[in-house]
Amino acid sequence: MEPSRAERIVAALRERDVMAHVAGAGVYRAGIRVVIPDGREALWDTDGAAALEAQVLRDGVLVGFVPSIEGSEDFDDAQTVAAIAAADYDAESDPGSVGVPERPPAAERGGIRETVPRHTGRPGVLGRLLGRR
């Protein structure tokens, strides 16, 4: 999205009491950052794709997403504002809104306990290249 369009959309979202800001997404490209009151934020259209979609982050970690909205590549500013303002970030069953499935308990994953691999004491590729055998 062009920065000038992002600024127009942010201004219109703020008129609707949506906490929106322009998010820099690169040279001559911008997106929309919407602050969600529970501490999350949605980054709309920062990837340069034609369709309107968002990634939902908490402390910089992806916690959900809004899939591409069908037909949004042809949205004008008013339609884009309406789509962003109407997004329900808490719904899990609506295909146009955020939904992150819960991880099943270990018993449902076949009883496999996930662990972080421990260091074996042997050097990795960089260590072998530097002669640390």
Side-chain angles (χ1 to χ4, degrees):
M1 168 179 315
E2 295 176 4
S4 59
R5 181 170 188 229
E7 289 172 6
R8 289 191 312 269
I9 291 171
V10 164
L13 286 166
R14 287 180 179 175
E15 288 177 7
R16 291 182 175 216
D17 294 325
V18 175
M19 292 183 286
H21 309 277
V22 175
V27 179
Y28 303 114
R29 232 177 56 210
I32 310 294
R33 182 172 67 92
V34 174
V35 178
I36 305 167
D38 68 358
R40 295 175 295 164
E41 65 182 8
L43 294 175
W44 286 89
D45 210 26
T46 57
D47 63 356
L52 188 63
E53 76 283 329
Q55 295 82 35
V56 180
L57 308 169
R58 181 185 308 274
D59 297 325
V61 177
L62 183 69
V63 295
F65 61 94
V66 178
S68 294
I69 299 172
E70 191 172 329
S72 62
E73 56 273 359
D74 298 321
F75 279 6
D76 61 12
D77 288 358
Q79 291 169 312
T80 301
V81 168
I84 293 173
D88 181 4
Y89 302 105
D90 296 320
E92 294 189 18
S93 58
D94 183 355
S97 61
V98 175
V100 179
E102 294 285 325
R103 279 190 83 173
E108 293 178 21
R109 294 192 310 257
I112 298 172
R113 195 175 124 202
E114 298 174 21
T115 60
V116 177
R118 298 191 185 273
H119 183 60
T120 61
R122 297 186 344 231
V125 173
L126 184 59
R128 288 193 298 269
L129 288 173
L130 296 173
R132 298 179 189 149
R133 298 179 188 207

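Heavy atoms only: backbone and side chains are in, while hydrogens, waters and symmetry mates are out. For this chain, numbers begin at 1 and follow the sequence in order.
- The side chain to side chain contact (heavy atoms under 4.5 Å, CB included) check on Asp17 picks up nothing, with sequence neighbours excluded.
- For the salt bridge (Lys or Arg N to Asp or Glu O under 4.0 Å) condition, the pairs that include at least one residue of residues 70-79, sequence neighbours left out, are Arg5-Asp77, Arg8-Asp77.
- Hydrophobic clustering of Ile, Leu, Val, Met, Phe, Trp and Tyr side chains at less than 4.5 Å, counting indirect connections, unites Met1 with Phe75.
- When all heavy atoms of Ala30 and Pro3 are compared, the closest pair comes out as CB-CA, 3.9 Å.
- Arg14 contributes atom CZ, which lies 13.0 Å from atom CD1 of Ile9 (distance to the nearest 0.5 angstrom).
- By the side-chain hydrogen bond (donor to acceptor under 3.5 Å, both in side chains) test, Arg16 pairs with no residue at all, sequence neighbours left out.
- Checked against Ile84 for a side chain to side chain contact (heavy atoms under 4.5 Å, CB included), the options Ile69, Val66, Leu13, Val10 give a single hit: Leu13.
- Ala12 is linked by a side chain to side chain contact (heavy atoms under 4.5 Å, CB included) to Val81, counting only residues two or more places apart in sequence or in another chain.
- At a threshold of 4.5 Å between side-chain heavy atoms, the hydrophobic network of Ile, Leu, Val, Met, Phe, Trp and Tyr places Val34 and Val22 in one connected group.
- In this structure, the separation between CG on Leu52 and CD1 on Ile32 is 9.0 Å, given to the nearest 0.5 Å.
- The side chain to side chain contact (heavy atoms under 4.5 Å, CB included) test applied to Glu41 returns Arg33, Leu57, not counting sequence neighbours.
- Residues that satisfy the side chain to side chain contact (heavy atoms under 4.5 Å, CB included) test with Ile36, not counting sequence neighbours, are Asp38, Arg40, Ala42, Val56, Tyr89.
- Once rounded to the nearest 0.5 Å, the distance linking CD of Glu2 with CZ of Arg29 reads 12.0 Å.
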